[in-house]
Amino acid sequence: TLRKNASYLKSNSSAVIEIQGHCDERGTNNYNIALGERRAKSAKMYLVSQGVGARQIHTISYGEEKPFCFDSKEECWFKNRRVHFRVSE
């Protein structure tokens, strides 16, 4: 996914994306916001290392606030530990 996103962004230099970091429900709110931020920034660092302009990428952390799955079990927590990419041109 990251390689495909890097290729798209390099081919579309006017595109701007938002990388949204998310976590599961475990941990404190502050910890989860920081973890989501690290997730999003890691994805950004990879894209930049592939030649994408840093100004094309904005990061934000939602921590545990926007879960993908609502069950309180490992398979659900796995789905909530993620980043989402939102493109705007």
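Reckoned from all heavy atoms, side chains included, excluding hydrogens, waters and symmetry mates. Numbering starts at 1 and runs along the sequence shown.
Using a distance-only test at 3.5 Å, with no hydrogens or angles considered, no donor-acceptor pair links the side chain of Asp71 to the main chain of Cys76. For the pair Asn12 (side chain) and Ser14 (backbone), a donor-acceptor distance under 3.5 Å is absent. Looking at Gln20, its side chain never comes within 3.5 Å of a backbone N or O of Ile60 through a donor-acceptor pair. In this structure, the side chain of Asp24 does not engage the main chain of Asn80 through any donor-acceptor pair within 3.5 Å.
In plain terms, the two heavy atoms of Glu25 and Ser72 that are nearest each other are OE2-OG, 2.7 Å. Between Ala40 and Gly21, the closest heavy-atom pair is CB-N, 3.9 Å. Of all non-hydrogen atoms in Cys23 and Gly36, the two that sit nearest each other are SG-N, 3.4 Å.
Comment: Glu75 does not engage Arg81 in a salt bridge, judged by the lack of any side-chain N to carboxylate O separation of less than 4.0 angstrom.
Side-chain contact check for Leu9 versus Phe85: every heavy-atom pair is 4.5 Å or farther apart. Looking only at side-chain heavy atoms (C-beta outward), Arg26 and Trp77 come within less than 4.5 Å of each other.
Among residue pairs with one or both ends in residues 39-52, those qualifying as side-chain hydrogen bond (donor to acceptor under 3.5 Å, both in side chains) are Glu37-Lys41; sequence neighbours excluded. Applying the salt bridge (charged side-chain N to carboxylate O under 4.0 Å, His left out) test to residues at least two apart or on different chains, none of the pairs has a partner in residues 49-67.
Remark: Ser11 pairs with no residue by the side chain to side chain contact (heavy atoms under 4.5 Å, CB included) rule, at least two apart or across chains.
Under a hydrophobic clustering in which Ile, Leu, Val, Met, Phe, Trp and Tyr are joined whenever their side-chain heavy atoms come within less than 4.5 Å, directly or via other members, Ile17 and Met45 fall into different clusters. One hydrophobic cluster, built from ILVMFWY side chains closer than 4.5 Å, cannot hold both Phe78 and Leu35; they sit in different ones. In terms of hydrophobic clustering, with Ile, Leu, Val, Met, Phe, Trp and Tyr side chains grouped at heavy-atom distances under 4.5 Å, Tyr31 and Tyr62 are assigned to different clusters.
No side-chain N or O of Glu18 forms a donor-acceptor pair with one of Thr59 less than 3.5 Å apart. Side-chain contact annotation: His84 with Arg86, donor-acceptor N/O pair under 3.5 Å absent.
For the side-chain contact (heavy atoms from CB on, under 4.5 Å) with Ser61, the lone residue among Val83, Asn32, Ile33 that qualifies is Ile33.
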